[in-house]
Engineer: 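Below is one structure. I have some questions about it.
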2 protein chains.
Amino acid sequence: MRSRPDPAAGDPNARYHHGNLRDALIAATIAIIEERGVEHVSIREAAKRAGVSPGAPFRHFPTKAALMTAVAEQAMARLSGMVAAAVAAAPDDPMARFSALGHAYLDWALGNPTHFQIISSRTLIDFPASGALREQNDAIRVLMEDLLAEAARRGMLSSPAEVPQLVLSARAFGYGLARMAVDGHFPEWNVTGEAPPVAVHRALDLFIGRLIRGA
Amino acid sequence: MRSRPDPAAGDPNARYHHGNLRDALIAATIAIIEERGVEHVSIREAAKRAGVSPGAPFRHFPTKAALMTAVAEQAMARLSGMVAAAVAAAPDDPMARFSALGHAYLDWALGNPTHFQIISSRTLIDFPASGALREQNDAIRVLMEDLLAEAARRGMLSSPAEVPQLVLSARAFGYGLARMAVDGHFPEWNVTGEAPPVAVHRALDLFIGRLIRGA
DNA sequence: ACCATATGTAATCGCCGATTACATTTCGCT
DNA sequence: AGCGAAATGTAATCGGCGATTACATATGGT
């Protein structure tokens, strides 16, 4: 994992400057999260894994929250990419695209619980301070609004006036579903008899079918 | 807040034993959370506020997670009480009671964000280790299942077979709504023009009306 | 009254985030 | 090429933290 020769080992290739410490720290942080959980991340260990002194990270991140925010930004970029791709790949139909967006979101959250945890944390990262984070978050919400507005224009919604309410509901539903799954709030999988991802995606289908389309 | 004479001040009433340190620590912890946020809780400060040495708390809580779990248990008891009271006060109609349960849950979460944060945290508390926490959590879920099952028996549901799916959806919806509100994920209040609690409760009504009743 | 047990203190350990002073490297400018 | 500023590393240090240990004091049952 160490991306730099270790000076302590007398390595002749040891360099004083790391070369790309910023990215190395982000990668190390992600590794720590996957190994020991979000709450066990420490700047010092990330520095150790990057083969660097404990104070070095502060040249790139003024605070621990800044490091976590950088990790979140990278994760958010991936999520945005997945969602955008799924929407683009879906048929040219607002409701089909809306559904594709939701399933892509759940797929990503369930498939990358580590990254999802970071994104949705509001205690470890400094969300308001990150323009990138807010922009990509808003972009997804705006995309949802646009899709539902277009659906309303085509008469696919029972009531066009309630688009904002529907978007709010849809976000809460997807967010709640993803978070509960990731955080292990679903001990009743054995009751439904379905694997978590299957039940979650089924729930989304039900939601879109009934709530949004007003069936 | 200090519930015990301060020995350092030469208080003649100072006692070696606190008398009720366990409860005092829980109260101090809640106060810290309300003042500085969940992530700034420390056993040492709770001990200081209780007028006790930094090691004393460990006589009552083997670990920090145990202390936070005790706080969560107390909060969960209040939530369970509110929910049970709301259900009991509602008309003798399964859907009316189901709706009352949901609104009581949201009311409590939005009215006591501090306690809700603790309950829903899975990193600070040791959820699986607390029988009380799991029991009360399960009790609410079972109550939801029973209410919907009764509603199905009375023909108030479009499809009785999907009760487990509906309960899963309803839990995710309420949880997502509450968490997003508490964590500040709703910057679009100005878009809807409604105050957060109003919009949240409206969303729940919409959800129950369309998704559950199948309208 | 006695003593086991409960409950407190004191001292200590290792780890943490953060800051400061200093060392080294890199890079733009002439 | 070389020089100096800026970037980027190290070393040492600070205060705070969770947790453990050895020891001191209070409480309550017999």
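Here the structure is a predicted model, which is why all the values come from computation and not from measurement. Below, chains carry the letters A, B, ... as their sequence lines are ordered, and counting in each starts from 1.
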Engineer: Mind checking side-chain hydrogen bond (donor to acceptor under 3.5 Å, both in side chains) for B:Q117 and listing every partner two or more places apart, or none if nothing turns up?
Structural biologist: none
Engineer: Grab the CG-C1' distance between A:L25 and C:dG17 for me, whole Å please.
Structural biologist: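 Those two atoms, CG and C1', are 14 Å apart.
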Engineer: Extract all donor-acceptor atom pairs below 3.5 Å that involve side chains of residues 30-44 of chain B and protein atoms in other chains or at least two apart in sequence.
Structural biologist:
unit_1	atom_1	unit_2	atom_2	d
B:E35	OE1	B:R49	NH1	3.3
B:E35	OE1	B:R49	NH2	2.8
B:E35	OE2	B:R49	NH1	3.1
B:H40	ND1	B:R36	O	2.7
B:S42	OG	B:E45	N	3.1

Engineer: Using atom CZ of A:F61 as one end and atom C1' of D:dA7 as the other, report the distance to the nearest whole Å.
Structural biologist: 15 Å
Engineer: Classify the side-chain pair B:N137/A:H185 by whether it contains a donor and acceptor separated by less than 3.5 Å.
Structural biologist: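 No.
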Engineer: May I have all residue pairs that pass salt bridge (charged side-chain N to carboxylate O under 4.0 Å, His left out) and include part of residues 110-137 of chain B, sequence neighbours excluded?
Structural biologist: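 Residue pairs passing salt bridge (charged side-chain N to carboxylate O under 4.0 Å, His left out), neighbours aside: none found.
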Engineer: Any residue in residues 120-127 of chain B with a heavy atom nearer than 4.0 angstrom to DNA chain C? Just list them by number, or reply none.
Structural biologist: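 None, since no heavy atom is under 4.0 Å.
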Engineer: Please report the distance, rounded to the nearest Å, between NZ in B:K48 and P in C:dT9.
Structural biologist: 14 Å
Engineer: All N/O contacts under 3.5 Å from nucleotides 18-20 of chain D to the protein, with atom names and distances to one decimal?
Structural biologist:
unit_1	atom_1	unit_2	atom_2	d
D:dG18	OP1	B:I43	N	3.0
D:dG18	OP2	B:I43	N	3.1
D:dG18	OP2	B:R44	N	3.2
D:dG18	N7	B:R44	NH1	2.6
D:dG18	O6	B:R44	NH1	3.1
D:dA19	OP1	B:T63	OG1	2.7
D:dA19	OP2	B:K64	N	2.8

Engineer: Quick test of your reading: applying side chain to side chain donor-acceptor pair (under 3.5 Å), list the pairs with at least one residue in residues 70-79 of chain A, sequence neighbours left out, ordered by first then second residue.
Structural biologist: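 Every pair satisfying side chain to side chain donor-acceptor pair (under 3.5 Å) with a residue in residues 70-79 of chain A: A:E73-A:S130.
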Engineer: Go through the steps to decide whether B:S121 and B:F127 satisfy the test side-chain contact (heavy atoms from CB on, under 4.5 Å), and finish with yes or no.
Structural biologist: CA-CA 9 Å; B:S121 149; B:F127 188 86; over 6 Å; no
Engineer: Rounded to the nearest Å, what distance is computed from the NE2 atom of residue B:H40 to the C1' atom of nucleotide D:dG15?
Structural biologist: 15 Å
Engineer: Parallel, tilted or perpendicular: which fits the ring planes of A:W108 and A:F116, with parallel below 30° and perpendicular above 60°?
Structural biologist: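 Correct class here is perpendicular.
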Engineer: Thinking salt bridges, do A:D138 and A:R141 make one under a 4.0 Å N-O criterion?
Structural biologist: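 Here A:D138 pairs with A:R141 in a salt bridge, since their nearest N and O are under 4.0 Å apart.
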Engineer: Mind calculating the distance between CG (A:L21) and C1' (C:dT24) to the nearest angstrom?
Structural biologist: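 Those two atoms, CG and C1', are 15 Å apart.
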